[in-house]
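Presented below is the structure to which this report refers.
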Amino acid sequence: MSAIGGKQALFISDLHLDPETPELLAEFLLFLETRAAGAQALYILGDLFEKWIGDDDEHSLGNQVAEALRKLADTGTEIYLMHGNRDFLIGEQYARKCHATLLQEPHIMERHGQRAVLIHGDSLCTRDLAYMQFRQMVRSSRWQQDFLGKSLVERQMIAQQARQQSQEANSNKASDIMDVTPQEVIKLLQEQQVNTLIHGHTHRPAVHTLRLEKPINGSLEAQRLVLGSWDQKGWVLALDESGFNLQHFRFQASPNSPNFSPKAK
Ligand code: LP5
Ligand code: MN
């Protein structure tokens, strides 16, 4: 990948970085040094990490990512972090360590003549009632205060249990309820009065053109840009004067190594 990030705003999500997949970290570090070099801004829209149990959980992965993001930020690229359903416990302390800005969702982005609403995407999966209930619980400050007050060992165990329960729950869930609810997409666009939504989470990368019933900014057309997860390849949405461009690229750090098996969702 050449360093063509110059003056582009880049959007990525769902890398699910984990100590068990060092090759994925290598891909991300290479991306930061090449594709993202010189970019105006890098937006990381959630699930950068496979799981995050608190900023006080110092580990090599988190430190390496922070160092690399700091390095990019210190060359002038604005770094933005957004919570995903796995790393919603990332706090200001870690964001500062990355020289990044922690974005609350929904966030309105305006660059290169484009306005878009940015979210992780899980909040629009409203047909998944079990997840909506879980999300309401874990996003409450009371629950987070209680959880972060536990020992790291206890938090690790709970996170492990939650991952297991989630994988079991997912295995027999209809695929449509694990996608965003179409009506919720329109509702968000209307509320925010923007014609473009950018999100991740669903691991279903695509550019969707939507027909609106009520015009937004004088147009009956909108678009939903879905970022891809970094499972078998990397994904990045680039924005410059020519508009949005959803791209994927082959992993280069170790595409064929036998033990490179990033986590499936
Ligand atoms: O994450 P993924 O891709 O498997 O599926 C998500 C939804 N599930 C989740 C749950 C997370 O995976 C849990 C792990 C988070 C780790 C770090 C946070 C710190 C620990 C928090 C511990 C509570 O987000 C899944 C959706 C899917 O996306 C598609 O949208 O369907 O939602 C569900 O599966 C709903 C389940 O009901 C979630 C159950 C999770 C466990 C809850 C009980 C906690 C156990 C411990 C209590 C002592
Ligand atoms: Mn997610």
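Keep in mind the model is a prediction, meaning the values are calculated, not measured. In each ligand, atom 1 is the first atom listed, and ligand 1 is the first ligand listed.
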For residues 145-166, pull every pair meeting ring-ring contact (aromatic ring centres under 6.0 Å, His included), keeping only residues two or more places apart or in separate chains.
W143-F147

Apply side chain to side chain donor-acceptor pair (under 3.5 Å) to residues S219 and N217 and explain how you reach the verdict.
CA-CA 6 Å; S219 167; N217 301 315; over 6 Å; no

Thinking salt bridges, do [X] and [Y] make one under a 4.0 Å N-O criterion?
{"X": "D18", "Y": "R86", "value": "no"}
{"X": "E50", "Y": "R163", "value": "yes"}
{"X": "R70", "Y": "E67", "value": "no"}

Closer than 4.0 Å to some heavy atom of D128 - which atoms of ligand 1 meet that?
26 (C), 31 (O)

Per-atom contacts of ligand 1 with M178, taking only distances under 4.0 Å to non-hydrogen atoms:
29 (C), 31 (O)

Does any N or O atom in [X] lie less than 3.5 angstrom from one in ligand 1, N or O only?
{"X": "R86", "answer": "yes"}
{"X": "R163", "answer": "yes"}
{"X": "E50", "answer": "no"}
{"X": "W143", "answer": "no"}
{"X": "N85", "answer": "yes"}
{"X": "K173", "answer": "yes"}

At a 4.0 Å cut-off, with the gap strictly under it, does some heavy atom of H201 reach an atom of ligand 1?
yes

Looking at ligand 1, would D122 count as a contact under a 4.0 Å heavy-atom criterion?
no

So which pairs with a foot in residues 139-150 pass salt bridge (Lys or Arg N to Asp or Glu O under 4.0 Å), sequence neighbours left out?
D122-R139, D146-K150

Indicate if the distance from the Mn ion (ligand 2) to the nearest N, O or S atom of N85 falls below 2.8 Å.
yes

Can you tell me if, anywhere in H120, an N/O/S atom lies at a distance from the Mn ion (ligand 2) that is smaller than 2.8 Å?
yes

Using the ring centroid of each side chain, check whether F11 and W235 are separated by less than 6.0 Å.
no

Closest to atom 23 (C) of ligand 1 among F147, Y131, F134 (heavy-atom distance)
F134

Parallel, tilted or perpendicular, judged at 30° and 60°: which one describes the rings of F134 and Y131?
tilted

For the Mn ion (ligand 2), the nearest N/O/S atom on D47 is atom OD2

